[in-house]
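Here the structure comes first, spelled out in structure tokens, and everything after it is commentary.
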2 protein chains.
Amino acid sequence: MKTKEHKIPEATIKRLSTYVNYLGRLGTDSNPVISSEILGESCQVSPAQIRKDLSYFGEFGVRGVGYDTKKLEAEIKDILGINHNWPTTIVGVGKLGQALLNFDFFRNHGFRIITAFDSDPNKIGTEAANGVTIQSISDIEKCVREEKISIGIITTPVAAAQEVADKLVSGGINGILNFAPIKVRVPETITLRNVSITSELDNLAYLLTQKKR
Amino acid sequence: MKTKEHKIPEATIKRLSTYVNYLGRLGTDSNPVISSEILGESCQVSPAQIRKDLSYFGEFGVRGVGYDTKKLEAEIKDILGINHNWPTTIVGVGKLGQALLNFDFFRNHGFRIITAFDSDPNKIGTEAANGVTIQSISDIEKCVREEKISIGIITTPVAAAQEVADKLVSGGINGILNFAPIKVRVPETITLRNVSITSELDNLAYLLTQKKR
DNA sequence: GCGACAATGTGATAACTGTCACAGCCTAAC
DNA sequence: GTTAGGCTGTGACAGTTATCACATTGTCGC
């Protein structure tokens with residue numbers, strides 16, 4: 001893979017995720033080769049857009065033929081970096097936290113969840129899922145440092161989110177994925193993504209309201 | 001509210017959601033008035049961006065002063081249409097579905113969850129949360145039609161998502177929020193949003209990988 | 001009432017992102 | 001070997017979104 005010097009649109013990354021997801025579900029045996037036309041059809045993206053997205057990172061196809069399905073999947077995985085195995089923790093073992101703990105695609109996307117934290121004394125010490133034991137939130141710093149955890153996923157209520165983020169940061173975390181509907185603040189050096197389920201709801205509400213008017 | 005004829009960027013809607021969220025948490029008593037500067041600081045958006053976003057919909061501030069906090073919150077809620085009370089259903093009562101059933105912000109964002117569906121015989125007939133009883137997936141069509149449900153939230157595994165979407169559509173659903181990591185296909189007339197948690201993970205993985213290189 | 005000040009609203013401009021058309025390259029058939 | 005056909009890769013163009021600068025309009029003190 002040769003990353004070109006250009007800046008890559010975030011939308012491109014999002015689409016690459018869609019592509020690789022689809023390719024993963026596709027039987028590579030029955031579809032050894034795929035064209036941007038077909039892939040676009042399935043992912044609801046124009047063929048030109050797909051070719052452009054891929055062209056940011058190199059040339060993966062064969063003119064007149066298409067893309068080798070298996071190879072393309074591997075290339076995109078490499079681009080996205082989901083072949084890694086980031087030591088990950090989930091903070092906040094409510095329903096959402098549990099949902100994420102049980103999603104097996106974490107493993108398939110380069111994350112290995114090794115610890116979980118919660119503030120509820122009744123939960124601490126119990127097993128959350130897959131052999132992961134729930135620890136006290138007050139131990140975050142120490143644990144992150146000792147276990148060299150590089151990703152923290154925040155699924156706490158809004159009130160606790162910033163404090164948790166601070167603890168993760170001072171423990172030496174690398175990246176944070178925040179599901180609490182508030183924009184947490186972290187130093188420049190920390191990679192941060194805020195996932196706002198709330199805003200998805202609001203967006204749907206907006207679209208529906210528009211339709212009615 | 002006077003919607004101008006211009007097309008509104010989706011990013012603007014997303015930010016409006018952020019603003020209204022922040023305003024809701026802000027004590028309006030201690031902060032009767034807020035400037036785009038301060039609001040921007042809190043939401044990590046430039047002041048000019050905020051003013052531009054709002055200007056698509058009208059003039060809500062007072063020059064030299066700022067925005068009336070309470071009034072601005074109400075105006076944005078009105079713009080987004082989260083003062084409605086859409087009859088909503090959740091299909092797929094796994095951990096994620098349960099998480100959503102228990103989030104009280106659904107109510108605060110214009111959605112009223114009145115039914116839930118699952119395919120697991122052991123779950124059918126039991127109460128999911130807040131007095132919502134779980135029904136069989138085979139009853140979706142009938143129930144959506146009879147209860148005049150307008151929003152469907154899909155939290156099933158990938159394999160079931162498209163089939164569920166089809167059933168919701170033929171029952172006469174209005175909008176769909178899909179959490180399954182696949183782009184479901186619906187007729188043009190249905191308002192659809194695909195929420196991809198997977199792509200958020202992939203995006204984080206990408207950013208972290210970039211940092212390392 | 002008037003001047004100094006403060007923060008909005010917006011046209012102009014810049015940056016970014018997506019679309020399009022076609023040149024370039026590969027395969028396959030004859 | 002040559003030609004026809006097909007699909008990628010990409011530069012040029014168009015459309016969209018964000019930034020900037022400042023004119024505008026309101027407040028407050030005297």
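The shown structure was predicted, so the numbers you read here are calculated from the model rather than taken from an experiment. Proteins get letters first, then strands, A, B, ... in listed order; numbering begins at 1 in each.
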(message) Run the side chain to side chain contact (heavy atoms under 4.5 Å, CB included) test on B/Leu54 and B/Ile76 for me, step by step, so that the C-alpha distance in whole Å, both residues' side-chain angles and the decisive distance to 0.1 Å come before the verdict.
(response) CA-CA 9 Å; B/Leu54 294 174; B/Ile76 299 178; 4.3 Å; yes

[X] [atom1] to [N] [atom2], straight-line distance once rounded to whole Å:
X	N	atom1	atom2	result
A/Phe60	D/dT10	CZ	P	11 Å
A/Ile13	C/dC16	CD1	C1'	15 Å
B/Leu72	C/dA7	CG	P	16 Å
A/Tyr56	D/dG11	OH	P	12 Å
B/Glu10	D/dT17	CD	P	9 Å
A/Leu39	D/dG9	CG	P	12 Å
A/Ile50	C/dT17	CD1	P	18 Å
B/Glu59	D/dT24	CD	P	14 Å

(message) B/Arg15 vs B/Tyr19, test: side chain to side chain contact (heavy atoms under 4.5 Å, CB included). Steps then yes/no.
(response) CA-CA 6 Å; B/Arg15 283 189 299 266; B/Tyr19 307 156; 3.5 Å; yes

(request) Identify all stems in which DNA chain C takes part, counting only runs of at least 3 consecutive pairs (Watson-Crick or G-U wobble, each distance under 3.5 Å), and give each as one range with another, ordered by first number. (result) C:1-30 with D:1-30

Regarding [X] and [Y], do their side chains bring together a donor and an acceptor under 3.5 Å, going by distance alone?
X	Y	value
B/Asn31	B/Thr69	no
B/Thr191	A/Lys211	yes
B/Asp166	B/Gln162	yes
A/Asp202	B/Ser17	yes

(request) Looking only at non-hydrogen atoms, find the nearest pair between A/Thr155 and A/Gly97 and report the distance. (result)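 Distance-wise, the nearest heavy atoms are OG1-CA, 3.6 Å.
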
(request) Taking only the side-chain heavy atoms of A/Lys7 (C-beta and beyond), determine which of D/dT19, D/dT10, C/dT17 contains the nearest atom. (result)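 The listed nucleotide nearest to A/Lys7's side chain is C/dT17.
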
(message) Let's see if you can work this out: which of C/dT19, C/dT8, D/dT8 has an atom nearest to the side-chain heavy atoms of A/Ser36?
(response)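 Nearest to the side-chain atoms of A/Ser36, counting from C-beta on, is D/dT8.
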
(request) May I ask you to check whether over 12 heavy atoms, not counting those of A/Gln44, lie within 6.0 Å of atom CD? (result) yes

(message) Measuring to OP1 and OP2 of C/dT19, would you say a side-chain N or O of A/Ser46 lies under 4.0 angstrom away?
(response)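 Yes, such a contact exists.
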
(message) Go nucleotide by nucleotide along DNA chain C from the 5' end; which of B/Ile34 and A/Lys52 gets its closest nucleotide reached first?
(response) B/Ile34

(request) Take nucleotides 21-30 of chain C nucleotide by nucleotide from the 5' end and write B, S or -, depending on whether a protein heavy atom sits under 4.0 Å from the base, only from the sugar-phosphate, or from neither. (result) B--BBBS---

(request) Start with the C-alpha distance between B/Leu39 and B/Leu23, add both sets of side-chain angles, then the distance that settles side chain to side chain contact (heavy atoms under 4.5 Å, CB included), and finish with yes or no. (result) CA-CA 8 Å; B/Leu39 182 57; B/Leu23 293 171; 4.3 Å; yes

